[in-house]
Amino acid sequence: MEETDREAVATAVQRVAGMLQRPDQLDKVEQYRRREARKKASVEARLKAAIQSQLDGVRTGLSQLHNALNDVKDIQQSLIDVNKDWRQSINTIENLKDVKDAVVQHSQLAAAVENLKNIFSVPEIVRETQDLIERGELLQAHRKLMDLECSRDNLMYEQYRMDSKNTHDMNLIHTYFGDMQKLSEELAKQLWMVVQRSLVTVRRDPTLLVSVVRIIEREEKIDRRMLDRKKQTGFIPPGRPKKWKEKMFNILERTVSIRIEGTQADTRESDKMWLVRHLEIIRKYVLDDLLVAKTLLDQCFPPHYDIFNKLLNMYHQALSTRMQELAAEDLEANEIVSLLTWVLNTYKSTEMMGNSELSPEVDVNSLNPLISQNVVDQLLSKYMSTLTSNIIGWLRKALETDKKDWVKETEPEADQDGYYQTTLPAIVFQMFEQNLQVAAQINEDLKTKVLLLCLQQMTSFLTRYKDEAQLYKEEHLKNRQYPQCYVQYMIAVINNCQTLKESISSLKRKYLKIEMEDTLSSSHTSMDATLDIIAKEGCSSLLDEVFMDLEPHLNELMTKKWLMGSNAVGTICVTVEDYFNDFAKIKKPYKKTMTVEAHRRVVVEYIRAIMLKRISFKNAEERKEGAERMIKEAEQFRFLFKKLAAGSGEDTEGLCDIIEAIAEVIKLTDPSLLYLEVSMLVSKYPDIRDDHIAALLTVRGDASRDMKQTIIETLDKGSSQPNPNYVPIFKEITVPTLTVPKLLK
């Protein structure tokens, strides 16, 4: 207490010190004293009020505790009295057991009396119910069946309450109502028949389907009620719960599966298009069924059944199962394509699940794949493997067929422009086109793979084609009379090369993405090169054919007979022109190549005839006559090949100029100018060799050995400036050397 006083005094001192910090505040001391007095009075009043309130609460609590104590004593006394009375009444309760049994028996008898009418009328109700079921009046039949079940269930329940272990009485009741179970099963059969044909029934008699759904709903309610009673009493009637709603969905699911499986009307043995037909029937049936389910069936079921989505899932699952079964079969390549096209494209297209009449209930983006990606990959792998074998076989067969055409005695067919051709390019690329169109139906990736495969096999095929064309030529050379139309079919082979090149380019433009072109540029270049080689070798073989016929006439050139007026060159020109009437059926650019090569070879053979030194002019008159004849024949060649090259834009002048330049050397009358003339010849045609010059001077017949040596040595020291456009020709011409017999002679 003293401590509290000291703290109060200290606090007061601090407070007074705070108020009286300046001299002028002393004038307000009285004012401060009154204010503090008022505050003190206010605090004391509040304190007295709080203490009074606490005291009142304590007083009230003590009063309530006193009353509670009295109540506890009264209750204790009452419990003692009740306990005493209970002990005294035990014997009386035991004496009432018989009364209790009588009450239970009375309750059972009352239930029996209540159901007595139904019990005695059970056989009659059973017959009536049976008649109703047979007449198809299912709702009325079910109402009577419910009454029978209710009577049986009530009797069994009362028996269960009286003595749950008395199975004899239970069995007796169950047996008496035994026909009722058969009725239930018969009614269920009728219901399931309607459910199985629900998509047909809903169009013909929707009322019947609604009745079936109402019956199932009644049974579901009874099932729930019986299960609730089982939780409370432990009793449930036999045959409950029936779960007819669950059975209905099971039957619908089984019906959907059977409908999907039952659409296969054919087998591979009876119809090659069996799978296409099967899938098309499935598509039509599923689409029709779902449209009916959405527009009609959905109205016959309660909303909580969600019947459309349930059916949609059933169809999707049934289709998935069927597609997996089909994928597991040993399918052929075209069947694999049909299956994958249907699964990956048709299923979600507007022709089926994407149909506008099914939206928005059906969202194709939310549908799971019918078969897994792993199965798709396996099918694609099998397809590519089978397709590879098929393409190899098709190409081999196409080549064999083409080879048979080569030996025919009739000319090959011509296209609309008159060019000879065989059916090979059309067969090959029609096959490629068909397979690419089929692959494009599945996806872009497969289309690209098939295109790569086709081009890859085409590369191998062209190598075989080249070999077969070479064998064709070799067989002909053994007997030039066979085949009869060798020239025409070799022309067709050459034209095929151009057609194949165009077809390959067309195929790439049509089916290859721009970004993939670089990856195939090398293979395309390789195929073009192979085709050019085949065509070039074909052209060469045809020219060989020409020059084999020209050989006797070429051998007459630069001989005494030629100098005396042989018509060898005229015959050569006629023969070449005759052949080129057939060669006109060669396509550009190979026709142009053919003309240029024929021109070059004629000139080469003519110059070779000069270099063979078959003649040596004896005098200036012979040299003049021979040179003029050479110039005339060069002009004949020029005219011929200008005519043959008409419209091609090819320069036909240069090659014949060589013959004229050689003629000028031979024609020269002043031997002193011979070196100058020869040097001009060498400057124009720098590939001319010393032996060529020597042979040319030998043909002149007036150049001594020393002159030849001097001219050749002088020319060797000089330098020439060749024409950059000049194509060497003399390097192909070999000058024969003197043999021992000639030296002896």
Side-chain angles (χ1 to χ4, degrees), residues 1-104 106-108 110-111 154 157-158 160-162 164 217 220-236 241 302-306:
M1 192 69 178
E2 292 177 358
E3 183 67 26
T4 303
D5 291 341
R6 282 197 299 273
E7 289 179 0
V9 170
T11 302
V13 170
Q14 287 181 347
R15 189 170 181 81
V16 170
M19 293 178 181
L20 301 177
Q21 291 181 355
R22 298 191 306 275
D24 60 329
Q25 290 177 327
L26 292 174
D27 297 336
K28 299 179 181 180
V29 169
E30 189 61 30
Q31 182 180 349
Y32 291 153
R33 183 180 294 114
R34 286 196 302 271
R35 187 175 65 185
E36 290 302 319
R38 286 196 301 271
K39 286 183 179 181
K40 179 181 177 185
S42 175
V43 170
E44 287 177 349
R46 288 200 302 273
L47 184 59
K48 287 179 181 179
I51 292 173
Q52 185 63 41
S53 175
Q54 290 291 330
L55 290 174
D56 291 342
V58 170
R59 187 180 297 109
T60 302
L62 289 174
S63 174
Q64 290 175 348
L65 287 173
H66 180 71
N67 293 335
L69 179 60
N70 293 332
D71 292 340
V72 168
K73 289 179 179 179
D74 292 341
I75 292 170
Q76 185 179 18
Q77 185 60 44
S78 298
L79 287 174
I80 292 171
D81 295 340
V82 168
N83 187 43
K84 182 178 178 181
D85 293 341
W86 175 74
R87 291 182 182 278
Q88 291 176 355
S89 63
I90 288 177
N91 294 331
T92 305
I93 293 172
E94 290 178 354
N95 293 332
L96 292 174
K97 185 173 184 297
D98 295 337
V99 176
K100 179 183 178 183
D101 293 340
V103 170
V104 172
H106 179 271
S107 175
Q108 291 174 340
N154 289 337
Y157 177 61
E158 293 300 332
Y160 179 83
R161 286 177 57 196
M162 182 178 70
S164 61
E217 274 294 281
E220 285 294 300
K221 291 178 181 177
I222 296 172
D223 279 349
R224 289 194 293 270
R225 190 167 66 247
M226 293 302 166
L227 289 172
D228 290 340
R229 189 164 69 176
K230 181 184 178 183
K231 292 178 183 178
Q232 298 171 3
T233 65
F235 171 77
I236 189 166
H304 65 271
Y305 274 55
D306 196 16

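Everything quoted here is computed from the prediction, not taken from an experiment.
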One pair to check against side chain to side chain contact (heavy atoms under 4.5 Å, CB included): Ile80 and Lys84. What are the steps and the verdict? CA-CA 6 Å; Ile80 292 171; Lys84 182 178 178 181; 5.7 Å; no
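- Using a distance-only test at 3.5 Å, with no hydrogens or angles considered, no donor-acceptor pair links the side chain of Ser63 to the main chain of Arg59.
- Within the 3.5 Å criterion, the main-chain N or O of Ala49 finds no donor-acceptor partner in the side chain of Ser53.
- Note that CG of Asp71 and CG of Asn67 are 7.0 Å apart. Values are rounded to the nearest 0.5 Å.
- A side-chain donor from one of Ser42 and Arg46 sits under 3.5 Å from a side-chain acceptor of the other.
- Evaluation of the side-chain contact (heavy atoms from CB on, under 4.5 Å) rule for Asp85 yields Gln88 as partners, not counting sequence neighbours.
- Going from atom CG of Leu65 over to atom CG of Asn70 covers 11.0 Å, rounded to the nearest 0.5 Å.
- The CD atom of Gln77 lies 12.0 Å from the CD1 atom of Ile75; values are rounded to the nearest 0.5 Å.
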Pair up each side-chain donor or acceptor in residues 221-232 with any protein partner under 3.5 Å, not counting sequence neighbours, and list the distances.
unit_1	atom_1	unit_2	atom_2	d
Asp223	OD1	Arg240	NH1	2.9
Asp223	OD1	Lys242	N	3.0
Asp223	OD2	Lys242	N	3.1
Asp223	OD2	Lys243	N	2.9

